[in-house]
Amino acid sequence: MAANLKSQDERAARPLCNDRSCDLCNTHLSRLPKSLGYGIIAFTSLACYLNSLDYDLVHDDIFAIKENMDIRPETPLLNILSNDFWGKPMWSNTSHKSYRPLCVLTFRINFAIHGLKPFGYHAVNVVLHGLVCLLYTYMCEVAAFKSSVLAFIAGMLFATHPVHTEAVTGVVGRADVLACLLFLLSFLAFVRSVGNKGCWQIMYTIIYMVLGAIAMLVKEHGITVFGVCFVYDCMVINKNLIWRVIRERTVSVEKDVTALKRLLLRTLVLSVSVFCLMAFRVWMLGGNLPHFTIQDNPASFSDSLSTRVMTYSYLVAFNSWLLLSPSVLSYDWQMGSIPLVESPLDSRNLGTLMFAMIAVLLVYFAVFSNKILPRDQDVLVLSLAILAIPFLPASNLFFRVGFVVAERILYIPSMGFCMLVVCGLNKLASVVAPNGKVAFKDKFTEARMNVQQKVLLSGVFVMVGLFCWKTVVRNRVWSNRETLFRSGIETLPHNAKAHYNFANFLKDTGRAKEAIYHYETALKLAPNHVSAHNNLGTLLENDQEAMQHFSEAIKNDPYHANSYFNLGTRLASLKRLSEAEAMLKKAIRFNPSYLDAVLNVAGVLIEQEKFDEAEEFYKKALTLEPRNGDAYNNYAVYLGKIGRTKEAWENYNKALQLNPTHTVAMVNMARQLRAEGKIRDAEITYKRALSIRRDPSTLQLLGVLYYHNQQLKEAELAWKESIELEPTNIETRSNYAILLGQTNRLDQAMGIMMGLVQDDPNNPGHYKTLAGMYAQNRQLDEALQVVTNALRRHVENAELHYYQGNFFKDLNNMQQAKKSYKKAVQLDPQLFSAHLNLGVIFHLEGNRAEARLHYEIAAKLDPGNTILKENLAKLQRLEKKHRQ
């Protein structure tokens, strides 16, 4: 060890290494200009990700950018200082507690320049990655290898490593890339502060402290740069001093006393910086740790300490393997992707053991061995520090994290890994050097390289080429939501989260059957998956099955507000209003800012005629989000229903002030205007909404307005356009058919109605309309057949029996007509017309008692009906005549 310490003293003023002292450098590479090397790295780092520039915003990008109001210019800028990465208040129980305000600020700048167009977001990420690669290469050259060639190889490996695709191609990975850039700048400033004195030392000290703090405000593990600085200071710059103090237990040389004081001062500065930043970060948690579920990190919820230890240890080895062999990559490794290690006999423990042995050996050679050169030890120390320390926050060692494996977390640690690989390659080059030793000549040529060295160097560039190919191919996975989520189920078919995410995509794109299949697959793999139960329930048409899934979700997570909300809305659709009210109020209790739940519970209260309480909820909605146009629109609809039209107009206008393109508010305004008889104003308002968006439902309503105002040509044009935009809309097709029938285009009208009967056979109204058209065309037999077919499906429909009776009557089949009318009044005793017609038949048959009975029932239902009065008068005269 003494010889080792002496060599450390001697190298204090000389480079750790130089291009001519490394076998990987003893090639034509050593004669390449440095600028060319940096140019190649810049070009390669950008070229690997050029195909990602036109990709969509996907996965976490949706929540961090598209749905994050903090990046919008209308949101106060200071909000980013109090909200988390996803735009939720840090004090909220629903917050993820990821505090990255400076990263959010970069998204806000992107939005200010080009809105939500993905190109700019991806371009910034790619450029940042290029800058990181250049800075990393520079750091390797000046602080580690002291060799431009070795630094070049490390830079190329880092620039092309496929594990970086999530961090660079996924826009939210900017937090990792930008934090890495600041990490490197802070570390280099620290190195400069150690090498300078006086004002320069103070300046660089301030710079590295500020840069380290900024790195933490970009992403939490940016703070780990201070740990790397501490290790570098103690184990590289002052290694000799530390060993002398340990060995001699005293400091006798004045030079050592000065060096030790400076080391302790720097350590104090680092410690105070870390303490202050950590205190601030803990304060920003707002007294609450982030809430994670068993799906996020199954091992951390295991009751067995041995299972947690074995699984956590294996996950460290697994992450290391991803860096060594990135052949299988996935955007999500949660849930069943990596089963828990629950038994000591699990074969994966062998991998953990091998990893531990290699790690121990590396630490031994880096710190204790005197069999390798001091310069190699220093590089090993720095490599291991950069590899291990930034990974610690993700290791579950200090606190629970919300993931199993996250590839973007490896962006900073991979710098240490690439340095380790280069150390190994350089050592291997020395082994295959002529005579088995390192040559120290002033000048080398390619011709002097032996075959083994040529093969080794070729292997390096083949590996870089394979990395480039893998990165470009892997980028394609991130092109859109479908390719990303499909890749998950193809790579990890046993991952329930992958099936769940793919099902979400299918649900959002209207592919309900496929979505149901993948939700069900997710539940087979993870029966307690709360969100899968909830989302599956929203797709199921069967109310009982849907509510069963909502209940299962609540059973597994009693605080899942969305499940209470969905269960409440389904109960409301079944008119189980008191139960719906209770569920919706629970959703609000667990998520007090749940605007949709607040608005829906107000609607349920209105249906129960609890108007005062409903109004309180509408006011609460306006308090929760005073700039939300939907809340003002819903409140305005309520006010219009209860006759407070002046206040309704005020709220409609407020909704449109906040959102001038709020077409729903415009349509509701038009409805209110029509109800007040202001037909022209209603027409103008409908057209205003249509000028913003040609919505088929708005065209349908405009057509209804025209139809009732006897503007049949205009109604026809509106409905035809609506059908072109939405050919499957039942209501519009029915209305259009009725209009055609009214304008004597019966063949067209009946053709449309026949299609409706086929498409929507459970709607009895279609049968009645079609039968009426046949009757209008004097095809009574066909009309009767339509109603008879309808009754096979709707045997309990009183009106259909009444219609059937009418057609039998028109065909002079009075006995069948009488049977149909009797069935109609049996099913619906309040059906006036059936009683009247039944009375007429009995009247004609001379059954005066039955005729009077049905006439009198009809008279109670509609006492002012003139036909009924005439028939009763005739019956009375007949009875009087009979008595005489």
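Throughout, residue positions are numbered sequentially from 1 according to the sequence presented. As the structure is a prediction and not an experimental result, all values here were calculated from the model.
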### Query
Ion pair present between D233 and R262, side-chain N to carboxylate O less than 4.0 angstrom?
no
#### Entry: Ring centres under 6.0 angstrom apart (Y38, Y138)
no
### Distance flag, aromatic centroids of H129 and Y49, threshold under 6.0 Å
yes
### Task
Test Y208 against every option in T205, L211, I206 by the side chain to side chain contact (heavy atoms under 4.5 Å, CB included) rule and name the one that passes.
T205
### Message
Let me confirm one number: the OG1-CG distance from T44 to L157, rounded to the nearest 0.5 Å.
### Response
11.5 Å
### Summary
Interatomic distance, CZ@F505 vs CZ@R481, rounded to 0.5 Å, equals 6.5 Å
### Message
When you compare the side chains of N79 and R108, does any donor N or O come within less than 3.5 Å of an acceptor on the partner?
### Response
no
### Task
Check whether the side chains of T106 and R174 place a donor and an acceptor atom closer than 3.5 Å, and report yes or no.
yes
### Query
Is it true that the side chains of Y136 and E141 contain a donor and an acceptor less than 3.5 Å apart?
no
### Query
Are T165 and T169 linked by a side-chain donor-acceptor pair shorter than 3.5 Å?
no
### Message
Could you check whether R100 pairs with E220 (Lys NZ or Arg NE/NH1/NH2 to Asp/Glu carboxylate O, under 4.0 Å)?
### Response
yes
### N475 versus N51, side-chain donor and acceptor atoms under 3.5 Å
yes
### Query
CZ of R192: more than 12 outside heavy atoms within 6.0 angstrom?
no
### Query
Would a 4.5 Å heavy-atom cut-off, applied to side chains only, mark V422 and M419 as touching?
no
### Task
Find out whether V58 and F485 are in side-chain contact, i.e. whether some heavy atom of one side chain is under 4.5 Å from a heavy atom of the other.
no
### Task
Report the residue from L178, I412, V177 that forms a side chain to side chain contact (heavy atoms under 4.5 Å, CB included) with V132.
V177
### Message
Under the side chain to side chain contact (heavy atoms under 4.5 Å, CB included) test against I386, which residue among V228, V381, T224 passes?
### Response
V228
### Query
Under 3.5 Å, is there a donor-acceptor pair linking the side chains of N501 and Y331?
yes
### Task
List the steps, then state whether salt bridge (Lys or Arg N to Asp or Glu O under 4.0 Å) holds for D60 with R408.
CA-CA 12 Å; D60 288 342; R408 60 176 177 254; 3.1 Å; yes
### Query
Can the ring centroids of H221 and F391 be said to lie less than 6.0 angstrom from one another?
no
### Sub-6.0 Å ring centroid separation between Y411 and F158
yes
### Query
Would the F318 and W333 ring centres measure less than 6.0 Å apart?
yes
### Task
To the nearest 0.5 angstrom, please state how far the CD1 atom of I80 sits from the CD1 atom of I71.
11.5 Å
### Query
Between P101 and L81, which heavy-atom pair has the shortest distance, and what is it?
CB-CD2, 4.2 Å
### Single hit among V168, L50, L53, D56 for side chain to side chain contact (heavy atoms under 4.5 Å, CB included) with H122
L53
